[in-house]
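Working notes for the structure below.
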Amino acid sequence: MLASPEAAKFVLVTQAHLFKPTYPKSKERLLGPSALFYHQGDYHMRMRKLVQGSLSLDIIRNLVPHIEGLAVSATDSWATGQVIDTFHEMKKLSFEVGKLAIFGNLEAHYKEELKRNYTIVDRGYNSFPTIIPGTPYKKALLARKRLRVILGDIICERREKRLLGKDLLDCMLNSKDEKGEVLTDDQIADNILGVLFAAQDTTASVMTWIVKYLHDDPKLLESVKVILESLRMATIISFAFREAVVDVEYKGYLIPKGWKVMPLFRNIHHNPEFFADPQKFDLSRFEVAPKPNTFMPFGSGVHACPGNELAKLEMLVMMHHLVTKLKWEVVGSQSEIQYSPFPVPLHGLPAKFWIQSA
Ligand code: HEM
């Protein structure tokens with residue numbers, strides 16, 4: 001476990017080729033082995049360029065009105081004074097935004113089918129991986145199979161239309177490598193599920209923390225700094241998973257081949273040497289830029305998050321509607337945390353929302 005900025009840079013950036021990403025096989029099976037975050041080298045670079053391209057600022061600025069529409073209908077639906085599970089609601093929103101970035105416009109019946117089956121995959125993802133019928137993991141595997149069929153239909157339809165669109169699906173369909181090879185349907189489907197997965201709980205957890213921090217101090221109005229400080233405080237991706245592909249020496253220590261290596265973002269973000277009084281939510285710390293490699297909510301190096309601009313955009317739009325339109329009250333525990341597996345306030349932060357009176 002590596003808790004220094006230099007060591008994180010060594011593993012993730014300068015010597016990244018000596019460390020491969022590693023996830024349990026049971027999880028790889030659910031999202032699909034061709035999803036980019038399981039890979040290194042040429043295939044990873046190719047997929048990464050496609051994902052990064054379709055999530056670049058130039059492309060996602062066209063999504064603003066759509067994200068705005070989703071945020072408006074979400075916040076309208078909460079403003080009833082009934083208790084809602086904030087995290088659960090945020091998950092719905094981030095799933096819709098993920099779908100938008102991947103497919104652009106998608107027919108309602110496909111959207112429904114994707115949502116229904118993805119929810120089952122999501123439920124099984126962190127459950128014990130037994131393949132006995134009836135267990136959440138087995139149900140998730142079956143739902144994954146159905147998702148592959150649905151995605152196959154969507155891919156087939158889109159291929160026939162020969163669109164030159166800029167959403168991720170069109171970019172993947174139009175991609176050819178240097179030998180002129182196109183991506184297979186399995187590669188496309190695995191990466192669609194991979195991106196949906198990477199986009200959902202991450203963004204939803206941070207948005208839930210933002211609701212909590214704004215509740216604790218409604219005077220926080222500098223939205224960009226609120227997002228940065230929420231990313232630091234909550235550090236929802238506490239660390240990255242890597243494995244040494246050869247024996248590696250770091251500052252006189254041997255990391256034997258095959259050992260797991262974890263750069264610990266949370267420790268770095270909560271180290272008083274880099275962030276004074278680290279447990280305090282303090283926007284003023286972002287008046288100056290953090291020291292190099294001390295602030296990595298989106299990771300660093302070859303696997304750094306390609307969705308970070310979309311995530312920030314979504315959080316900004318959401319926050320705008322929260323603070324200009326709603327007021328809210330947290331119900332129950334104000335301080336406990338659950339790990340699901342990302343840290344979120346207990347029970348997803350149950351809260352009541354109302355429209356602000358003028
Ligand atoms: C606040 C929200 C988010 C946070 C905190 C976050 C954080 C991260 C981090 C730390 C990594 C690096 C993991 C590693 O090095 O092992 C990562 C990778 C990734 N993220 Fe995000 N992410 C967020 C939102 C998103 C969104 C919205 C998308 C897509 C729409 C996305 C897509 C990805 C993908 C595809 C990767 C894998 C990249 C690769 O392996 O090359 N993320 N994310």
Side-chain angles (χ1 to χ4, degrees), residues 2 8-9 11-13 16 19-23 27-28 31-32 34-56 59-60 63 67 87 90-91 93-103 167-169 171-172 190-210 226-243 260-266 268-269 293 295-319 341-344:
L2 306 166
K9 184 178 172 193
V11 172
L12 300 174
V13 187
F19 302 93
K20 64 173 185 189
T22 140
Y23 294 86
K27 294 195 184 317
E28 206 176 295
L31 296 182
S34 298
L36 80 160
F37 34 74
Y38 302 130
H39 292 265
Q40 292 279 78
D42 291 347
Y43 175 73
H44 171 251
M45 281 316 286
R46 177 181 182 194
M47 290 314 304
R48 192 175 160 82
K49 269 198 197 134
L50 289 172
V51 175
Q52 242 171 350
S54 67
L55 299 176
S56 65
I59 304 296
I60 63 171
L63 301 183
I67 297 177
F87 179 52
M90 293 298 190
K91 277 185 71 149
L93 179 75
S94 53
F95 190 68
E96 292 303 317
V97 173
K99 273 193 297 198
L100 192 64
I102 294 168
F103 302 105
D167 57 52
L168 178 58
L169 177 54
C171 293
M172 288 197 285
D190 290 5
N191 279 289
I192 289 177
L193 288 179
V195 170
L196 275 177
F197 176 80
Q200 192 186 23
D201 279 21
T202 47
T203 322
S205 317
V206 184
M207 290 195 293
T208 305
W209 281 108
I210 290 176
V226 171
I227 288 174
L228 295 175
E229 180 66 339
S230 300
L231 285 165
R232 184 197 69 83
M233 276 287 277
T235 310
I236 50 116
I237 308 268
S238 305
F239 43 79
F241 286 100
R242 295 291 186 275
E243 185 182 305
K260 304 287 182 203
V261 177
M262 291 148 79
L264 302 179
F265 304 135
R266 173 175 299 281
I268 298 173
H269 292 171
N293 309 300
F295 185 57
M296 293 172 283
F298 294 106
S300 187
V302 282
H303 288 279
C305 181
N308 76 93
E309 295 295 351
L310 179 65
K312 285 187 271 188
L313 172 64
E314 182 180 341
M315 293 189 280
L316 269 176
V317 172
M318 191 61 202
M319 216 170 118
F342 301 138
V344 279

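All ligand and atom numbering here is 1-based and tracks the order in the structure.
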**Study point:** Expected output: side-chain Arg266 to main-chain Ala234 donor-acceptor under 3.5 Å
**Key:** yes

Exercise for review: For the residue pair Arg48 and Val302, establish whether any side-chain heavy-atom pair is separated by less than 4.5 Å.
Suggested key: no

Practice item. Specify whether Tyr38 and Tyr23 have parallel, tilted or perpendicular ring planes, treating 30° as the upper limit for parallel and 60° as the lower limit for perpendicular. Key: perpendicular

**Study point:** Atom indices of ligand 1, in the order listed, that fall short of 4.0 Å to a heavy atom of His44
**Key:** 39 (C), 40 (O), 41 (O)

Practice item. Decide whether the shortest distance between a heavy atom of Val302 and an atom of ligand 1 is less than 4.0 Å. Key: yes

**Study point:** Heavy atom of the protein closest to atom 32 (C) of ligand 1 (residue, atom name, distance)
**Key:** Ala198 CB, 3.4 Å

Point to revise | Leu50 and Met47, any side-chain heavy atoms less than 4.5 Å apart | key: yes

Exercise for review: Return yes if some donor-acceptor pair links the side-chain N/O of Gln40 with the main-chain N/O of Phe19 below 3.5 Å, else return no.
Suggested key: yes

Review point. Any idea which protein heavy atom is nearest atom 1 (C) of ligand 1, and the distance to it?
Key: Val206 CG2, 3.7 Å

Exercise for review: Starting from atom 43 (N) of ligand 1, find the nearest protein heavy-atom neighbour and note its residue, name and distance.
Suggested key: Cys305 CB, 3.1 Å

Practice item. Using non-hydrogen atoms of the residue, decide whether Pro306 is closer than 4.0 angstrom to ligand 1. Key: yes

Review point. Gly299 heavy atoms, cut-off 4.0 Å: which ligand 1 atoms fall inside?
Key: 10 (C)

Practice item. Could you list the atoms of ligand 1 found under 4.0 angstrom from a heavy atom of Leu36? Key: 35 (C), 41 (O)

Review point. What are the atoms of ligand 1, with element, lying closer than 4.0 Å to any heavy atom of Ile236?
Key: 5 (C)

Review point. Any idea which atoms of ligand 1 are less than 4.0 Å away from a heavy-atom of Thr203?
Key: 1 (C), 2 (C), 24 (C), 27 (C)

Check your understanding: In terms of atom number and element, which parts of ligand 1 are under 4.0 angstrom from non-hydrogen atoms of Leu55?
Key -> 29 (C), 30 (C)

Review point. Closest heavy-atom contact between Phe103 and Asp167?
Key: O-OD2, 3.3 Å

Exercise for review: With heavy atoms only and a cut-off of under 4.0 Å, state how Pro297 meets ligand 1: side chain, backbone, both or neither.
Suggested key: backbone

Review point. Does a side-chain heavy-atom distance below 4.5 Å link Met318 with Ile210?
Key: no

Practice item. Starting from atom 28 (C) of ligand 1, find the nearest protein heavy-atom neighbour and note its residue, name and distance. Key: Gly307 CA, 3.6 Å

Point to revise | Region of Leu310 engaging ligand 1 - heavy atom pairs below 4.0 Å | key: side chain

Practice item. Answer yes or no: is there a side-chain heavy-atom contact under 4.5 Å between Phe87 and Asp201? Key: yes

**Study point:** Proximal atoms of ligand 1 relative to Ala311 (non-hydrogen, under 4.0 Å)
**Key:** 1 (C), 2 (C), 24 (C)

Check your understanding: Taking heavy atoms and a distance under 4.0 Å, where does Val97 meet ligand 1: side chain, backbone, both or neither?
Key -> neither

Exercise for review: Taking the side chain as every heavy atom from C-beta outward, state whether Leu168 and Val51 have any atom pair closer than 4.5 Å.
Suggested key: yes

Review point. Any sub-3.5 Å donor-acceptor pair from His269's side-chain atoms to Met233's backbone N or O?
Key: no

Practice item. Answer yes or no: does atom NZ of Lys27 have more than 12 heavy-atom neighbours from other residues, nucleotides or ligands under 6.0 Å? Key: yes

Point to revise | Heavy-atom nearest neighbour of atom 9 (C) of ligand 1 within options Phe298, Phe19, Tyr38, Tyr23 | key: Phe298

Check your understanding: Is the NZ atom of Lys20 crowded by more than 12 outside heavy atoms at less than 6.0 Å?
Key -> no

Review point. Considering distance alone, does some N or O of Arg242 sit under 3.5 Å from an N or O of ligand 1?
Key: yes

Review point. Closest non-hydrogen protein atom to atom 12 (C) of ligand 1, residue and atom name please, with distance?
Key: His303 O, 3.5 Å

Check your understanding: Quick one: which ligand 1 atoms are inside 4.0 Å of a heavy atom on Phe37?
Key -> 37 (C), 40 (O)

Check your understanding: Quick check: does any side chain N or O of Arg242 sit under 3.5 Å from a backbone N or O of Leu12, one acting as donor and the other as acceptor?
Key -> no

Review point. Mind checking whether Glu314 has a heavy atom under 4.0 Å from ligand 1?
Key: no

Check your understanding: Hey, does Arg48 come in under 3.5 Å of ligand 1, counting only N/O atoms on both sides?
Key -> yes

Exercise for review: Note the single closest protein heavy atom to atom 30 (C) of ligand 1, along with its residue, its atom name and the distance in Å.
Suggested key: Ala199 CB, 3.6 Å

Revision key, fill the gap. Ranked by distance from atom 24 (C) of ligand 1, the top protein heavy atom is Thr202 OG1, 3.5 Å

**Study point:** Any donor-acceptor pair under 3.5 Å from Gln200 side chain to Lys91 backbone
**Key:** yes

